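Okay, structure first, notes after.
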2 protein chains.
Amino acid sequence: MVKLLNMNDLSKKQISKCEHCSLRHVCFPGGLSDDELGIFEGSISKVIKIKKKQKLFGRGDKLHAVYAIKAGSVKSFLTNPEDEQTQVLGFHLPGDLLGFDGFANQLHSCDVVAMEDSQLCELPVDNFEQLCEILPGLRKVMMQQVGNEISRHHSLVLTLGKMQTEERLATYLLRLSCYYKSRGYSCTEFNLPMPRHDLANFLGMAPETLSRMFARLEAAKVVTILRRQVVILDVQKLHDLSHELCRQPASD
Amino acid sequence: MVKLLNMNDLSKKQISKCEHCSLRHVCFPGGLSDDELGIFEGSISKVIKIKKKQKLFGRGDKLHAVYAIKAGSVKSFLTNPEDEQTQVLGFHLPGDLLGFDGFANQLHSCDVVAMEDSQLCELPVDNFEQLCEILPGLRKVMMQQVGNEISRHHSLVLTLGKMQTEERLATYLLRLSCYYKSRGYSCTEFNLPMPRHDLANFLGMAPETLSRMFARLEAAKVVTILRRQVVILDVQKLHDLSHELCRQPASD
DNA sequence: CGCCCAGTTGATTGCTATCAAGGAGGGTGG
DNA sequence: CCACCCTCCTTGATAGCAATCAACTGGGCG
């Protein structure tokens with residue numbers, strides 16, 4: 001069906017063109033051939049925009065789509081209904097994929113909200129399953145993403161289970177540094193995408209403790225912190241403190 | 001090709017027949033139609049047996065296959081080469097699937113060793129990928145398993161990040177109880193598949209602390225412990241202590 | 001029978017949570 | 001444009017939980 005395009009259609013079309021997206025290589029399309037990409041692009045329903053603090057999906061919501069972050073940042077977390085206590089599970093930045101937690105029983109098992117105004121590419125699960133059938137490359141990418149997510153969680157478990165607070169922070173700063181490097185940004189100067197409160201929660205410590213650890217790292221001339229702006233002064237020392245090898249670029 | 005079967009062949013054939021496996025419904029075949037199952041069965045290369053303390057695969061090993069536990073129990077863990085420190089990531093019991101951690105880059109990212117003599121069904125990844133192409137049911141099961149694994153990790157992160165030691169133990173005992181129930185065993189009397197050392201490590205505490213928490217639970221008449229034998233006396237109280245809803249049957 | 005390892009129990013230290021108060025931006029309204 | 005407030009963050013003092021060190025107990029196994 002041929003159809004006239006007005007300006008609106010045109011602009012919509014363009015934002016969902018993976019081909020021109022700077023994140024192409026780290027997102028789903030990264031493992032797709034050009035032919036496959038053509039088919040794939042047609043199935044992204046749209047780019048959705050969510051405002052700061054707005055929820056993308058919540059625990060118990062029906063799995064409707066998987067998402068790729070195009071711009072902005074979001075956090076995922078579990079909330080215990082009884083005592084209002086929450087655990088931040090991860091921070092997700094451009095290029096990250098979201099929503100796999102809903103594959104278990106078609107219901108999301110965690111909440112995801114935007115930490116700032118963000119844009120996400122939405123890929124409805126129905127389309128996704130069909131695409132998996134016809135695009136071998138997509139299955140491969142999918143499996144890689146799953147593997148990455150698992151590895152990331154392993155790392156988080158190690159961090160929470162074995163490290164003390166200073167090590168946890170050092171480890172996370174290195175991880176973030178790797179992320180920015182992998183995206184072509186400076187790996188020594190960057191901004192924390194989240195407030196102290198959330199980062200402390202994620203790292204399993206009190207906000208006060210996080211603040212003290214930042215202060216300690218500054219005193220040791222390892223980093224400088226000004227509000228959310230981080231400058232890594234001594235990567236080696238940070239590594240020594242982290243006691244963990246930064247095995248792979250990752251964002252949470 | 002018709003071929004004479006000797007006793008050996010026959011027994012080998014039978015152990016890889018998913019159709020007759022008591023774990024069929026919780027394993028890969030659970031989501032497959034009868035037709036699909038026929039195709040699937042042919043691709044399991046073999047049932048492998050590993051002895052206690054023997055390694056199934058290690059970090060850095062090439063991803064060769066995914067595995068389903070048929071009998072026994074194994075643990076997965078990360079080891080930090082620098083300080084010999086390890087973090088147990090999970091305990092895996094019959095019906096559980098293993099090996100997805102290697103999907104990221106075709107290399108396993110953790111170690112897996114047997115806690116007792118065990119049997120596992122091995123499904124080479126090459127076969128697996130081919131099967132995914134032709135068996136929609138397998139893709140579905142695969143996605144479910146992935147979702148489960150993610151949910152389980154979320155839960156573990158919550159446990160390690162937010163709970164104190166008693167809550168962690170209570171939560172884990174309930175989880176184990178759910179597992180046994182889902183497999184048709186008693187949910188109030190069961191054996192711990194792992195030594196104290198490993199359980200303490202998994203739960204992010206010192207073995208001495210674990211011992212004290214067991215003692216505390218016994219003193220509160222919540223459970224009785226004799227070596228590895230656990231009897232849950234008061235499920236409700238255990239629930240209250242755990243501060244977490246047992247959302248789904250899981251084994252780690 | 002005795003060794004050895006797993007597990008328990010006790011005493012102490014130390015890290016981190018908690019409670020409390022003070023300071024610094026950023027936004028809003030006057 | 002300034003004052004105010006509110007949130008985020010930092011800093012200090014205290015308390016509590018769990019790690020560590022150490023000694024002991026009891027099975028399992030050769």
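The structure presented is a predicted model; accordingly, all values stated were derived computationally and were not measured. Hydrogens, waters and symmetry mates are skipped; everything else that's a heavy atom, side chains included, is used. Below, chain A is the first sequence line, B the second, and so on; all start at residue 1.
- Using a 4.0 Å cut-off, no side-chain N or O of A:Ser211 falls inside it from OP1 or OP2 of D:dC9.
- One can place CG of B:Asn201 at 17 Å from P of D:dA18, the figure rounded to the nearest angstrom.
- Following rounding to the nearest Å, B:Arg216 (CZ) and D:dA18 (P) show an atom-to-atom distance of 7 Å.
- Computed from coordinates, the A:Leu169 CG to D:dC9 P distance equals 14 Å when rounded to whole Å.
- Across the interface with DNA chain C, nearest-nucleotide mapping of A:Thr209 and A:Arg227 shows A:Thr209 to be the residue nearer the 5′ end.
- Ring centroid separation for the pair B:His64 and B:His108 does not come in under the 6.0 Å cut-off.
- Applying the 3.5 Å distance criterion, the base of D:dC21 shares a donor-acceptor pair with the side chain of B:Glu208.
- The number of heavy atoms from other shown groups lying within 6.0 Å of NZ (B:Lys181) does not exceed 12.
- Atom CD in A:Gln164 sits roughly 12 Å away from atom C1' in D:dA18 (whole-Å rounding).
- When the side-chain nitrogen and oxygen atoms of A:Arg196 are compared with OP1 and OP2 of D:dT10, one or more of them lie within a distance under 4.0 Å.
- Distance B:Met213 CE to D:dC17 C1': 8 Å, rounded to the nearest Å.
- Looking at B:Arg212, its side chain comes within 3.5 Å of the base of D:dT20 through a donor and an acceptor atom.
- Note: CD (B:Gln85) to P (D:dA19) measures 12 Å, nearest angstrom.
- Atom-to-atom, CG of A:Leu217 to C1' of D:dT10 comes out at 15 Å; the value is rounded to the nearest Å.
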Note to self: Test side chain to side chain donor-acceptor pair (under 3.5 Å) on B:Lys162 and A:Gln87; report intermediate values, then the result.
What the structure shows: CA-CA 7 Å; B:Lys162 284 286 160 299; A:Gln87 167 69 43; 3.0 Å; yes
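- Comparing C:dG7, D:dC9, C:dT18 by their closest approach to the side chain of B:His197 singles out C:dG7.
- In the model, A:Arg212 has no side-chain atom that pairs as donor or acceptor with a side-chain atom of A:Thr165 under 3.5 Å.
- Rounded to a whole Å, the CG atom of B:Leu226 is 13 Å from the P atom of D:dG26.
- One finds a side-chain N or O of A:Thr165 lying less than 4.0 angstrom from the OP1 or OP2 phosphate oxygen of C:dT16.
- For A:Tyr185 and A:Phe190, the ring centers are positioned 6.0 Å apart or more.
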